[in-house]
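This report refers to the structure that appears directly beneath it.
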Amino acid sequence: MPMLDIKNLTLEIDTPMGWVSALDKVSLSIDTSEIRALVGESGSGKSLIVKSIVGAIPERWRVTADRMNWKGNDLLGMSGNQRRAITRNEISVILQNASAALDPSATLREQIEESIPSYRLTKGWFWQRRQQRLDIAIQELHRVGIRDHNLCLSSYAHQLPEDICQKFSIAMALVSKPKLLIADNPTVGMETTTKVQILKLLTKLNKTQGLSVLFVSHDLLAIAAMANTMTVLYCGQTVESGSIEQVKRRPLHPYTKALLDSAPSFRRDLPPKSPLSCLDGTIPTLQHLPIGCRLGPRCPRAQRECVKMPATRHIHGHSYACHFPLHRDKP
Amino acid sequence: MLIAIARRLNLLIITLFILCLASYVLAFLFPGDALTNLSGIPALSADQSHQLQLMYALNEGWFSGFWTYLKLTLNGDWGVSLNSQTPIFEDILKLLPASLELSLYAMVISLVVGLPLGVLAGLKHRSYTDMSILSVSLTGFSFPVFWLSLLLILIFSLQLGYLPMSGRISLLFDIPHSTGFILVDILRSEMPVKDAALFDALRHLVLPTLSLSIVTTALVIRLIRRSVVTVYASDFIKAAYTKGLSHSQVFWRHGMKNALLPIMPQLAMQFTVLLTNAMIVEVIFSWPGIGEWLIQAIYQRDFPAIRGGMLAVSAVVVTFTISVELLVRILYPLNKRQFYAQT
Amino acid sequence: MNSLLTVSGLSYRKQKSGLFSNRELFRLSPLSFELKRGETMAIMGENGSGKSLLAKLLVGVLQPEAGSILLNGEPMCDSRQQRRFSAIRMIFQHSKDSLNPGLTLGGQLEEALILNTNMSATERKRQIENTLVKVGMLPEHQYFYRHMLSEGQHQRAAVARALILDPQVIVADEPFAALDPSVRSQTANLLMNLQQQLGLGFIFISHNLGIVRHISDRILVLEKGKVVESGKTEVIFNWPKSEYTKRTIQAHQELISGQ
Amino acid sequence: QKPGQNSLPMEGLVYCSEGSPITFNPQLDISGTTADATSHQLYNRLIDFDPETGKLVPSLASSWSVSRDGLTYAFQLRKHVNFHQTAYFTPTRSFNAKDVLFSINRWFDPNHPYHQVSGGRYPYFESLGLQQIIKEVSLINGFRVEIKLNYPDSSFLATLATDFAVILSEEYASQLMTENRPELIDSLPIGTGPFKFHRYRKDAYIRYSRHDGYWEGNQSVEQLIYDITSRSSLRLAKLITGECDVIAYPAQTELQVIEERSDLYLEERPGLNVGFWAFNTARAPFDDARVRRALALAVDRKTLLDAIYFDTAVAAKSLLPPSSWAYDDTLEQSSYNPVQAKKLLQEAGIEPGFTMTIWAMPVERAYNPNATKMAELIKHYLADVGIQVQIVSHEWSTFRRLLLKGQHDSVLIGWSADNGDPDNFYRPLLSCSAIASGSNRANWCSAEYDKLINLAVRTADESIRMSYYQQANQILMDQVPLLPIAHAYRFQAYRKGVSGLQINPFGGISFANVSKDRD
Amino acid sequence: MPRPSFYQEEYYPSPMRHTWTDFQRNHIALAGLWCLLFFIVAAFLGPFLVPYGPLQQNTDMLLLAPAWNVNGDISHLFGTDSLGRDILSRIIHGCRITLGTSVILVLIAMLVGCSIGAYAGISRGLRASVINHLLDAIMAIPTLLIAIIIVAILGTGLLNSMWAITLALIPQFIHQTRDLVRREFQKEYIVAARLDGASNHRLLVKDILPNMVEVLVVQATMALSVAILDISALGFLNLGAQSPSPELGTMLSEALDTAYAAPWSVALPGAAIFLMVLSINLVGDGLRTALKNRLLQ
Ligand SMILES: Nc1ncnc2c1ncn2[C@@H]1O[C@H](COP(=O)(O)OP(=O)(O)OP(=O)(O)O)[C@@H](O)[C@H]1O
Ligand SMILES: Nc1ncnc2c1ncn2[C@@H]1O[C@H](COP(=O)(O)OP(=O)(O)OP(=O)(O)O)[C@@H](O)[C@H]1O
Ligand SMILES: [Mg+2]
Ligand SMILES: [Mg+2]
C-alpha cells in the first residue's frame, strides 16, 4: 500500500474572476522509500499540491479528493490536531522560497530547535536538553554542508545568502527524521557541486533510512539522477506518471516529450548551437484556462476531441491522460 | 548592535540639539525683543537689559550666544513666563506629568482594546468580523477630537450626569504634588480618604482618556490588522504550520512577534498623535497639562513659554520614539552580516 | 575575424567605508579576455564569485577601478557612455523586475531610442514594431503593460529591449535561471537565432552546465574574483584544469551518468 | 504643606469664578474679578454695606462719627479681631489702629515705604481722587483712628465700605519688610476675613480654608475653592454636573436652562452697572463730537439688547442704572437714525470706507456678556453708514494693558459700581483724573463736567446733587464720549443645598457664612 | 512567427484603470467617493445655491431651531445661531473654506514635499544623512504642534494657519517620497533604464513618477483628512480662522457659548467635519486596498 495516496485531488481557489480549479483531478502516490519527482512548468500547480498535502492553504479554498490517505488514514477527514501530529512526526516539508519560509524575527537556532521532536532528546534536565538540541542542530547542519554552524545558527534569515537558507531549510526538514520529505524546488539556483551534494544526501537517506521523497523540481537532470518515479503536471492536471526509465524512454504524452526534449543534456546527439525543441507559447494563466485537455492550444497533436478531458489510462504502472498518445496506435 | 545603539543615540542627541537650536532661533523670530523672548523678563531699565545681555552673551556673536543658551537650558534655566513670571522649567516639570499621564493611559487603552481587535480582524481577514471592525475603526479615526470630546461631555456629563467633565480631580481634594502623576500622588499621600480620592481621580480620567483613545485605538487597529494580514499571508507562517505547530503555537511564537515588531515604531508614533490630541482635549476638559498651558501661552503671546513648551513636548516625543525604535532594533536586528561559510 | 570586445586588466574593489577602517569586502582581480563577432562566451563560477559584478562592469553600471574595455579596438570610457550604452546591452536575470510596471512596453523601448538615437517619432515606432516582431511578439504588444505579459513574453520583452539599439554585444546575467524548461528553450533558441542573424557577441552567466555546453563557444571560470580558467567549451569540459572546474564538471557528469 | 491639613477633604464649596485675580490685594486693582476673589473672603473693611438694604453697617470699626463740617471722621475699632494664622505668618497680636493706619497710608501716602511695592498704582482711589480729598489720617489711640478731609465728600463713607478699602496687617508688613520681601504682601495675603489663603494657581484655582478665629464667628465650610473657568458655558456645565456649587455670571442664554432645572437656583438682582461703547477721544477723528454722535445714532441698541442680553437688561439712558436714587427718568434716549448719522459723518468729513477698530473685551461681564458678538452686530450697523470695522480682541490682561496705552479707537466695556453712590459712576468713568488711573476708557476730559461732579459730592443734599448730575447728563448727551448701552441684571446661580450666600448689591460676593448640605 | 498567447486576447486595463475598477468594486469606498463629491460640489456651487450670506444676520430669528424641530422654521433648514445667521449657509460656506483651503495646502505641500523628497531620495552620502537627520527630527514633532508654533510666530488667522499646516504637512510627503524613490531606485528596471542612458532627473520624472502617482494620491487623501482636522482644530482653538468667518472649527467654538440653548449649532458643524473626513478616509482606504490588490499581482 502506498504511504501517501492521492486520487483526483481538486483544488478550487477564488480569484477576482470567480472560482477556478487550480488543480484538476490530480492523482499522486508515494510508496515507502520511493523518490517521486513532480515536474511541470512554472504555474502548473506543483507547489499547490505540496501545500494541500500539508494543509498549508487558506481555509477559503475548496479541496476535494476521492482519496487522500496517509498510511491508510484519510487526511482530509482528520481533525487539525491529528493532521498536525502527522506533519510534525512523519512528514517534513521544504517550501519553495527558502528564505521567505523562515521566520524573519527569530534566529535560525530557535527555528531549528523548534523542529527537533522530543523523542530525539534523551537527556532529562533542561540544560542538558538545551545542549543536546544544539548538538543535534549542528550535526544536522554539517550533514547538509554548512560548516560555519555558529555563524549560521546565530543569524537571522535575512542576513544569510539564499543558498545557505536553502541548505538550512533542508537541514530543518531532516531534523525530525521524517518518513516522507516533500521538497519543493530545494536546489534551484544552487551551483552544481552543492546541488549534487544535496542530491547525494537525499539518496543516501533514501537508501539507508528508507526516506521517501516527493521531489518537486524543474531540473530534469537532477530528477533523472535521483528519482525512481515521476509525475508530470501541466496546468493542474496530471499528464503522465510512471517510473523514470519508462517515462524517459517512451514518453506517451506530447507534453512529456516536449519537456524532455527541451533539456540539452539529455540529448548527447544534439550538436552544439542547434535549436532546442520546444512547444510554442506559454502556460496559460489561471483565468484563461482552456477547457478539456489544458495543453490543447499548444499541443502539436491536438484535435477536436481534446476539448474533452481525456480519461487516465494505465499500462504497467505507467499512466497517462491523452487522446492521442505517442508511441501508440489509436486505441 | 552597538553600532545601532550608537546611531540612535547619535540621532537623539543631534535631534535634541536641533530642537534647542530651533527654540533659540525662535526667540529671534518671534515678534518683540529677543532678550525678552529668551528670558521672559520684560526689560525695564537699560541696566537690567544690559545684565540680561551679559547673561545670554548676546553681544558676543550668535555662536557663543547659542552656547550660553544651551548651557542655561541644560541647567534648567529656561527663563520665566512673560505672563505669570514663574520659572518655565518648573511649570513644565509640574505640568508635563499630567499630559504624560493622560496620554499614557490613553495609549494603554488603545493598545489593550486595539491589539485584540486588530489581531482578530487580521486573522479573520475579509470576513464580516473584519469588515465591521474595520468600519468601526475607520469611523473612529475620522472623528475630530474636539467634537468627540464635546459629544462625550454632552452625553455622559450633562445628559446622564455620570462623569465629571473637567480637571484631574475634584478640587476638594488637595493632593500634594510630588511626582505629578495624580494616581501615584494619591497613593503616596497620607490623606485619610485615599479611596475616595482615587475613585474621584479615576472618574475624572474616564472622559478625556476615552476621547483621546478612540482615535488612536482606531489607528492601532488598522496598523495591527494590516500587519497581521501580511504576516499571515507570508510563507513562513505556512512553514510553521507545516512543522506541525498548533494554531496557538504559530500565533504566539511566529505570528505575533512578526506582526508587532515591525510596527512598534509606528505604534510609538501614535504617542505623538496622542500628545497632539491631548493638547486639544486638555483645553476642553480643563486638564492642567502642558498642552493647555501651551495654548494659553499662545493666547497670551507668552513667547518664552511657547518656546519652552515646544522644546519640552518635542523632546519628550523624540526621546520616546527613538527609544522605542532602539528597543525594536535590539529585539529585531536588521543589519546585514557577511557570511563566509563556503561548501 | 578581429575581436569585437577586448577587455584588459579590468579590476574592481568593493569596500565598506567605515568610520575608521576601509574594510575590503570583495575584489575582482584584473582580468582580460576577448570576444569575437558571433561568439558566445559563458561565465561560470560559484555563488558570490563576482560574476554579476563583472557583468555590471561590462555594461557600465559600475565603474572599474582599473583596466580598459575596447569595442572594435576603440576604448569605451566615460566620455562615450552613450555609445557604450547602445553597443553593449544587458539582459537581467529577473526579466520581470527589469520592466517598469507603470509604463507600456512601447514606452520603455521608445525611451532607449529617444535617449540614444535621433530618430523621428514614426521611425521610432517602426523600429519598435520591427524589434518586437524580431523577438516573436506582436506589434500590438507595445501597448501592453508588464502585468499583461506572460513570463515567456517578459523574457522576450527583455531581449527586445536589448536589441532595440542594434547592439554589438549582449551581456546576460543568468537569463535562464528562473525559467522553466520550455520557456528556457524558447529563449535559448531565440538568442541563438538572433546571434546567427545579427552576428552579436554574447556573454552570459549561468550555473546550468547543460545550457552552457550547448550554446557557448568559450568559457570563463571565476573563483573568488579571480579568473581561474578560460578556453574553448569543449576543451574545458573535457580537460578541466582548476579544482573548482573539475569538481563542477565532475558533478555534472555524475548527474548525467546517474540517469 | 502639612499632611494634617487635609483632614476632611470632601468638606468644601467650589465657586466657579470667571477669571484669575490680578493680585490678592484689592487696593491694587480695579477689576471685579480681583475684588470678588479677595475682598470679602480674605479681608474686612472698616464699614460694610448691609447686603439687604445697602445701608452702611459697622465692621472692623464698631462705630464712627462725622464732625459737623463733614471734614473729620472718627472710627472706634473693634477689639479681639484676629489676623490669619498660616504657614507663612503667625500673628502675635490682634487687630488695632496701626493696621488701619498702615492700610490707608499705603495708598494715601506716597512716601510710605510700602507705597511703591507692587507698582505703586492704586487705581480705584486714584480715580476717585481720594489723595486730594484726604488731608491726613491719624491715630488717636490703640483702637481709635481719625481721618481729616480737605473738603466735605458725601460719598466718603461709602468709599470706605467698598471692596477696595480693605484692612491689611501691619505686623505682617513689617515682618516682610525685615525679610526684605515686601512684595509678598500682595501674593501671600494676610487679612482678618472669614477665609485664609492657602494656595493659588493662575487660571486654575484658588484655595481658601476657613479662618477659625474669625471675629464674627464662623459657620462656613472648611474649604472655599475658586475654580477659575473663563467660559460661561463651561461654568454652567460644571454647575449641572455638580463640580461647582456656585457659579459667577451665568450667560444670559443659559438662564432658562438654569430655571428649568429643579436642582439649581437662580438669583436675580438689579445690577448697579452699565455696559457702554467708549470712543477714544484722544484720537482723531473721535475727538470730534459729531463723529461720536453719528456712531451713536448708527447703532440700534434695542437689537443689541435682544441679541446680547436676551432681555435680561434694561436699556441705558445715561450712566446711572434705574435703581440708583439719582436716576433721571426724564432723560431722552437717542434713537436709531442711520440717515442722521450719515449726515453727521459727512459734516465731519468722514469718507465712506473709513476704517475703525472696535476693541471687544474677551471676558464675560454682567454688563456685557459677549462683547465680541456685540462688536459683530455693531460692525454690521456701521457698514450701513459706510464705516468698516475691525474687531480687536486680546487676552484679558493684555487687553487691559493695551487699552491703558490708548491704542483703541473704541472699546466695548462697562462698569460695575462699587458702592451705591452716583459719584461712583460719574467720576471713575469720565473724570479727568480717571484717565490716568485707567478707568476712563474714553480718555475724555471736560473741565465743566469735572466741576459739576465735584460740586455734587461736596453736598449731602440729594436733590441738589441730583440737579448737578442732570446737568452732567446733558453734557454727556451732547458730547457722547461713550454710548451707554444697558444695565444688566446680576445673576448668581447655585446648587440646591448651598445656603448663606451673600450677594453684595455692588458686585461683591461673600462666602462668610455659606454652608452646604450634603445630600 | 509563433502565435503568442492567442487565447489570451482579453481586455487588459492599464495600471491606473485597474486600480479604478478594483476601487469601484468596493461599495463602501464608492459611497465615500459620492459623499466627497457631494461636499466638493457643495463647496463649489453651494454659495450660489444657499439663500443667505454667511455673515448675514437676521436679528428677528435668533437661535432658531432646525426645521425638523417643532420650534423650527423651514426658511432656515438647519436653524440659526445666536446672531441670527443661517447655519446651513454657514456650513456650506464653511465646507468651502475648510475643504478648499485643505485641498490647496495639500497640493502645495505635496509639490514641495515630493520635490525635496525626490532630491533626498537620490542624494547620497553626507547630504543625504543631514537631510535624514533633520527629517527624522521634524517628523517626530506632531503636525498640530508644528502648526501651533508657526501660528505663534506668524499670529493667528486663516492664512497663517494655512501656512502653518502646509509646512507641517511637508515632512510627511518628503518622507514618503524619499522612501519610495529609494525603494524604486534599487529595482532592476531603474538599472535597466539607466543603461538606456537616462539621467537621474529623467528617471524620476519618466520612470518613477508613473509608479508613484497612486501612492501619492493615497498619501494626499490622508494628508487631506489631517489638514481638515488640523485647520478646524486650529479654528476651534481660536488660533486659525477668526470669529465671524464660517470656518467649521471656528463655528463650533463660537457655538459653544450657546451650547445649551442651541445644541444643534454645535452638533451640525462637527458633523460636517466628521462626514467630510470620513468620506475622504473611505476614499483613501478604498484606493489603498485597490492599490494593494494590484501590486500583489
Ligand atoms: N495564493 C494564491 N492566490 C491565487 N492564485 C494562486 C495562489 N497561489 C498560487 N496560485 C496560482 O496557482 C497556480 C499554480 O501555482 P504554483 O505555485 O503551484 O505553481 P508551481 O508549479 O509551483 O510553479 P513554480 O515552478 O514556479 O513554483 C499558478 O497559476 C498561481 O498563479
Ligand atoms: N549589495 C551588496 N552589498 C555588499 N556586497 C555585495 C552585494 N552584492 C554582492 N556583494 C558581494 O560581491 C561579491 C560578488 O557578488 P556577485 O553578485 O557578483 O556574485 P555572483 O557570482 O553573481 O553570485 P551568484 O552566483 O550568487 O549570482 C560577493 O562576495 C558578494 O558577497
Ligand atoms: Mg512552486
Ligand atoms: Mg549573480
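Order of the sequence lines sets the chain letters (A, B, ...), proteins ahead of strands, with each chain counted from 1.
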Apply side chain to side chain contact (heavy atoms under 4.5 Å, CB included) to residues W147(B) and L229(E) and explain how you reach the verdict. CA-CA 10 Å; W147(B) 192 55; L229(E) 286 178; over 6 Å; no
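- Contacts of I284(B) with chain E are made by side-chain atoms alone, with heavy-atom separations under 4.5 Å and no backbone atom involved.
- With a 4.5 Å cut-off on non-hydrogen atoms, L151(B) does not touch chain E at all.
- Contacts between L294(B) and chain E at a heavy-atom distance below 4.5 Å involve the side chain alone, from C-beta outward.
- Sequence neighbours left out, the pairs with a member in residues 225-240 of chain E that pass side-chain hydrogen bond (donor to acceptor under 3.5 Å, both in side chains) are T143(E)-D230(E), S225(E)-N281(E).
- In this structure, the portion of V283(B) lying under 4.5 Å from any heavy atom of chain E is its side chain and not its backbone.
- Side-chain contact between F141(B) and L278(E) is absent, with no heavy atoms from C-beta onward closer than 4.5 Å.
- With a threshold of 4.5 angstrom between heavy atoms, L26(B) approaches chain E through side-chain atoms but not through N, CA, C or O.
- For F271(B), no part lies under 4.5 angstrom from a heavy atom of chain E.
- Within a 6.0 Å radius of CZ in F38(E), no more than 12 heavy atoms belonging to other residues, nucleotides or ligands are found.
- Looking at R307(B), there are no atoms closer than 4.5 Å to chain E (heavy atoms on both sides), in backbone or side chain.
- The CZ atom of R288(E) sits 4.5 Å away from the CZ atom of R226(B) when rounded to the nearest 0.5 Å.
- One finds the CG atom of L282(E) at 8.5 Å from the OG atom of S135(B) (value rounded to the nearest 0.5 Å).
- If you take CD1 on I295(B) and CD1 on I148(E), they are separated by 4.5 Å, rounding to the nearest 0.5 Å.
- Going from atom CG of L237(E) over to atom CD1 of I298(B) covers 8.5 Å, rounded to the nearest 0.5 Å.
- Atom CD1 of I28(E) sits about 8.0 Å away from atom CG of L134(B), to the nearest 0.5 Å.
- R126(B) CZ: 12 or fewer foreign heavy atoms inside a 6.0 Å radius.
- With a threshold of 4.5 angstrom between heavy atoms, L275(B) does not approach chain E through any atom at all.
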Given Y299(B) and T156(E), is the side chain to side chain contact (heavy atoms under 4.5 Å, CB included) satisfied, shown in steps? CA-CA 9 Å; Y299(B) 288 155; T156(E) 55; over 6 Å; no
Begin with the C-alpha distance, continue with both residues' side-chain angles, and end with the deciding distance and a verdict on side chain to side chain contact (heavy atoms under 4.5 Å, CB included) for L150(B) and L256(E). CA-CA 9 Å; L150(B) 290 175; L256(E) 274 186; 3.8 Å; yes
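- What you find for I280(B) and A233(E) is that their closest heavy atoms are CD1-CB, 3.7 Å.
- Of all heavy-atom pairs between P144(B) and G270(E), the closest is CG-O, 4.4 Å.
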